[in-house]
K.L.:
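One structure follows; several queries about it will come next.
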Amino acid sequence: MSPKKQQSGPSYNQLEAGAERAKPGLHQHATEIQPYGKIAKLPIALDEKVCAKSAENLNQLLADTMTLRDMYKKHHWQVAGSTFYQLHLLFDKHHGEQDELVDGIAERIQLLGGISLAMAADVAETTLVPRPPRGREEVPVQISRLLEAHEIILKEARAMARQAGEAGDDGTNDLLVSDVIRSNELQVWFLAEHLVDVPLLHAGEAKGASAGR
Ligand SMILES: [Fe+2]
């Protein structure tokens with residue numbers, strides 16, 4: 001019988017080195033690979049200047065859309081009164097739709113070679129939507145604030161859509177027209193109808209209806 005051949009495994013030092021390699025490398029820092037505002041051009045058959053202008057415009061729209069999205073959540077949480085349940089649900093539905101727009105706009109900026117704004121502090125510095133107070137407000141004020149934010153977005157989105165179309169950036173034009181503008185217009189309708197003063201129980205009893213009788 002031949003003597004048992006001893007199996008040669010990894011040495012103690014090799015085992016130690018292996019364990020070292022399995023440890024996560026934490027607290028890593030390096031300079032950015034792309035500074036904000038610079039374009040890392042992708043092969044999408046669009047001029048770099050066109051990409052840069054669209055990315056700049058879309059970052060403004062992104063900051064305003066993120067602010068409107070977050071204002072919807074604020075109002076979803078803070079709404080009060082006899083229409084609480086209906087508005088609580090409506091505000092959350094619109095929040096979800098605005099969140100989808102945020103993702104679409106941000107990813108469009110990235111594919112144009114730009115860098116999407118992302119963090120709250122940067123959004124707060126950039127947005128044109130007036131900052132609401134931290135406290136709780138009445139329903140008509142909540143809805144008015146949302147309508148004002150929608151109108152800021154619609155105005156800039158239409159101008160940006162025209163600019164993108166004229167520059168040949170059809171993808172940005174389509175995102176703005178088909179998604180941003182149409183969604184915002186529809187949400188404006190659903191909100192604005194809540195500010196029409198119609199009687200709930202007795203027809204013709206609205207303020208001023210009896211004047212001159
Ligand atoms: Fe909720």
K.L.:
Kindly give the heavy-atom pair with the smallest separation between V129 and I152, and that separation in Å.
P.N.:
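Closest approach of V129 to I152, heavy atoms only: CA-CD1, 4.1 Å.
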K.L.:
Would I115 end up clustered with M119 when hydrophobic side chains under 4.5 Å apart are linked, directly or stepwise?
P.N.:
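As far as the 4.5 Å side-chain criterion goes, M119 and I115 are not connected within one cluster.
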K.L.:
Any idea which heavy atoms bring H194 and Q86 closest together, and the distance?
P.N.:
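Where H194 meets Q86 most closely, the heavy atoms are NE2-NE2, 2.8 Å.
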K.L.:
Go through the steps for R69 and E97 under the test salt bridge (Lys or Arg N to Asp or Glu O under 4.0 Å), then give the verdict.
P.N.:
CA-CA 8 Å; R69 175 199 63 186; E97 291 164 0; over 6 Å; no
K.L.:
For residues R145 and R131, report the shortest heavy-atom separation together with the two atoms involved.
P.N.:
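In this case the closest contact between R145 and R131 is NH1-O, 4.5 Å.
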K.L.:
Going from OG1 on T65 to CG on D70, what distance comes out if it is rounded to the nearest 0.5 angstrom?
P.N.:
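Output value for this atom pair is 11.0 Å.
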K.L.:
Under 4.5 Å between side-chain heavy atoms, hopping through other hydrophobics if needed: is there a path connecting L111 to L176?
P.N.:
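Both belong to a single hydrophobic cluster.
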K.L.:
With side chain to side chain donor-acceptor pair (under 3.5 Å) as the rule and sequence neighbours excluded, what pairs involving residues 103-117 come up?
P.N.:
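Residue pairs with at least one partner in residues 103-117: R108-D169, R108-T172, Q110-S116.
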K.L.:
For S183 and D179, does a side-chain donor sit closer than 3.5 Å to a side-chain acceptor?
P.N.:
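Looking only at side-chain atoms, D179 and S183 do not form any donor-acceptor pair under 3.5 Å.
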K.L.:
Is the side chain of T127 donor-acceptor paired with the backbone N or O of V123 at a distance under 3.5 Å, no angle test?
P.N.:
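Between the backbone of V123 and the side chain of T127 there is no qualifying donor-acceptor contact (under 3.5 Å).
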K.L.:
Under a 3.5 Å cutoff, is there a donor and acceptor pairing between the side chains of Q98 and Q187?
P.N.:
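Judged by distance alone, the side chains do pair up.
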K.L.:
Same cluster or not: are V141 and V188 linked, directly or through other Ile, Leu, Val, Met, Phe, Trp or Tyr residues, by side-chain heavy atoms under 4.5 angstrom apart?
P.N.:
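V141 and V188: separate clusters.
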K.L.:
For the backbone of V180 and the side chain of N184, can you confirm whether one donor and one acceptor N or O come within less than 3.5 Å of each other?
P.N.:
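Between the backbone of V180 and the side chain of N184 there is a qualifying donor-acceptor contact (under 3.5 Å).
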K.L.:
Does anything in residues 124-176 pair up under ring-ring contact (aromatic ring centres under 6.0 Å, His included), and if so which pairs, sequence neighbours excluded?
P.N.:
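Output for this query lists Y72-H150.
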K.L.:
Supply the atom-to-atom distance H95 NE2 to L68 CG, rounded to the nearest 0.5 angstrom.
P.N.:
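H95 atom NE2 to L68 atom CG measures 9.5 Å (nearest 0.5 Å).
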K.L.:
Distance from T67 atom OG1 to M71 atom CE, nearest 0.5 Å?
P.N.:
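So the gap between those two atoms works out to 7.5 Å.
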K.L.:
With rounding to the nearest 0.5 Å, note down the distance linking CG in L117 to CD1 in I105.
P.N.:
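If I round to the nearest 0.5 Å, the distance is 11.5 Å.
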K.L.:
To the nearest 0.5 Å, what is the distance between NZ on K73 and NE2 on H76?
P.N.:
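Result: 4.5 Å between the selected atoms.
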K.L.:
Show me, pair by pair, the donor-acceptor contacts under 3.5 angstrom made by side chains of residues 154-167, not counting sequence neighbours?
P.N.:
{"unit_1": "R158", "atom_1": "NH2", "unit_2": "E185", "atom_2": "OE2", "d": "2.8"}
{"unit_1": "Q163", "atom_1": "OE1", "unit_2": "N57", "atom_2": "ND2", "d": "3.1"}

K.L.:
Please list, chain by chain and in numerical order, all residues satisfying side-chain hydrogen bond (donor to acceptor under 3.5 Å, both in side chains) with E20, sequence neighbours excluded.
P.N.:
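With neighbours one apart ignored, the set is K23.
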K.L.:
How about L26: does its CG atom have over 12 heavy atoms from other parts shown lying under 6.0 Å from it?
P.N.:
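Buried by this count: over 12 neighbours within 6.0 Å.
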K.L.:
Transitively linked via ILVMFWY side-chain contacts under 4.5 Å: V79 with W77?
P.N.:
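No, no single cluster joins them.
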K.L.:
Working to the nearest 0.5 angstrom, can you tell me the gap between L175 CG and L58 CG?
P.N.:
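The CG atom of L58 is 6.5 Å from CG of L175, to the nearest 0.5 Å.
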K.L.:
Check whether L101 and W189 end up in the same hydrophobic cluster, where Ile, Leu, Val, Met, Phe, Trp and Tyr are linked by side-chain heavy atoms less than 4.5 Å apart.
P.N.:
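Yes: a chain of side-chain contacts under 4.5 Å links L101 to W189.
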K.L.:
Show me the donor-acceptor pairs within less than 3.5 Å that the side chains of residues 34-41 make with the rest of the protein, sequence neighbours left out.
P.N.:
{"unit_1": "Q34", "atom_1": "NE2", "unit_2": "K38", "atom_2": "O", "d": "2.6"}
{"unit_1": "Q34", "atom_1": "NE2", "unit_2": "G113", "atom_2": "O", "d": "2.9"}
{"unit_1": "Y36", "atom_1": "OH", "unit_2": "N59", "atom_2": "ND2", "d": "3.1"}
{"unit_1": "K41", "atom_1": "NZ", "unit_2": "L46", "atom_2": "O", "d": "2.7"}

K.L.:
How far apart are the closest heavy atoms of A55 and L112, and which atoms are they?
P.N.:
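Smallest heavy-atom distance, with atoms named: N-CD1, 4.1 Å.
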K.L.:
For Q78 versus G135, what's the shortest heavy-atom pair and its separation?
P.N.:
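Heavy atoms only, the tightest pair is OE1-O, 3.4 Å.
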K.L.:
Does some side-chain heavy atom of L147 sit less than 4.5 Å from a side-chain heavy atom of L195?
P.N.:
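Side-chain contact under 4.5 Å: yes.
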K.L.:
Transitive ILVMFWY cluster of L201 at side-chain heavy atoms under 4.5 Å: who else is in it?
P.N.:
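L200, all in the cluster of L201.
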K.L.:
Step by step, would you call K74 with F91 a side chain to side chain contact (heavy atoms under 4.5 Å, CB included)?
P.N.:
CA-CA 9 Å; K74 168 178 166 60; F91 289 160; over 6 Å; no
